[in-house]
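Encoded as structure tokens, the structure appears first; notes follow it.
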Amino acid sequence: MKNKRVQLNRSFYTRDTIIVAKELLGKYIVRKIGKKTLAGKIIETEAYIGPKDKASHAYNGKITPRNKVEYLAGGYIYIYLVYGMYWQLNVVTAGAGKPECALIRAMDLGRLTDGPGKVCRYLKLNKSFYGEDLTESKRIWLENPAPEQARCGASRGENGARSKIIATKRIGIDYAGHYWSRRKWRFVLKT
DNA sequence: GTACAGATTGAG
DNA sequence: TCAATCTGTACT
């Protein structure tokens with residue numbers, strides 16, 4: 001049982017976005033590239049809440065070819081390019097028709113993955129992952145920490161028994177105005 | 001068709 | 001502090 005794989009299923013993602021964003025902390029992203037497997041623990045996320053969040057791409061119910069995947073049920077990948085050079089990995093959350101998502105900002109691999117652009121560079125993600133189903137995909141998915149990993153790592157994994165979750169302001173969205181940029185929807189796992 | 005801002009990063 | 005770099009979006 002010790003290598004039991006727990007690919008997170010749909011019901012994990014189709015809940016309240018704030019809850020999913022918090023519970024993503026401590027989960028492992030597993031990425032298969034040919035015969036290689038990359039994996040890392042999520043230590044930082046941000047929540048973007050549908051039409052009402054001015055910082056969200058779906059603010060005011062906007063639907064574009066870029067963000068339409070946000071309107072699917074939770075568990076799909078929303079990936080897009082910012083500043084012309086950096087991919088941003090988001091996990092769609094909540095139910096179908098609710099354009100909410102959680103941005104994966106960092107993983108526990110030191111400076112290799114300490115920013116959202118770096119996470120995607122490390123995992124070799126690009127537009128071909130747009131709309132990828134994390135509950136079905138054979139090349140990328142999320143897992144609960146294996147007991148072995150939880151023991152080795154600094155964190156106790158989910159449930160926050162040993163780890164603390166810090167909520168802070170989101171990054172880089174000052175254009176959305178004070179109200180939204182002040183929401184503490186960025187979650188960091190402190191170990 | 002053109003113009004321009006942006007959920008970042010890394011160098012200075 | 002600031003440039004790199006280019007897609008999506010909003011305009012004409």
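Chain naming here is simple, since letters A, B, ... match the order of the sequence lines and numbering starts at 1 in each.
Between A:Tyr80 and A:His57, the ring planes lie perpendicular to each other; the angle is over 60°, past the 30° to 60° tilted range.
Residue A:Tyr86 has no polar side-chain atom (N or O) positioned under 4.0 Å from OP1 or OP2 of B:dT8. The side chain of A:Lys169 contributes no N or O atom lying less than 4.0 Å from OP1 or OP2 of B:dA7. For the pair A:Arg121 and B:dT9, the criterion of a side-chain N or O lying under 4.0 Å from OP1 or OP2 is not met.
Side-chain atoms of A:Thr37 and A:Lys32 form a donor-acceptor pair, as typed in the model, at a separation below 3.5 Å. For the residue pair A:Glu132/A:Ser137, the side-chain donor-acceptor check at 3.5 Å is satisfied.
Here B:dG6 presents its P atom at 13 Å from OH of A:Tyr48, a figure rounded to the nearest Å. Rounded to an integer number of Å, the gap from A:Ile63 CD1 to C:dT9 P is 11 Å. Rounded to an integer number of Å, the gap from A:Leu81 CG to C:dA4 P is 17 Å. A:Lys62 has its NZ atom 7 Å from the C1' atom of C:dT9, to the nearest Å. Between the CZ atom of A:Arg66 and the P atom of C:dT7 there is a distance of 12 Å, given to the nearest Å.
Each of A:Cys101 and A:Arg111 lies near DNA chain B, and the nucleotide nearest A:Cys101 is the one positioned closer to the 5' end.
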Under 3.5 Å, which protein N or O atoms sit close to an N or O of nucleotides 3-5 of chain B? Give each pair with its distance.
none

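Side-chain contact between A:Ile77 and A:Leu89 is present, with heavy atoms from C-beta onward closer than 4.5 Å.
Nucleotide C:dT7: paired with B:dA5 (Watson-Crick or G-U wobble, both distances less than 3.5 Å).
With hydrogens and angles ignored, a donor-acceptor pair under 3.5 angstrom links the side chain of A:Tyr80 to the base of B:dA7.
Taking the centre and axis of the six-membered ring of A:Tyr13, the NZ or CZ atom of A:Arg10 falls outside the cone set by 45° and 6.0 Å.
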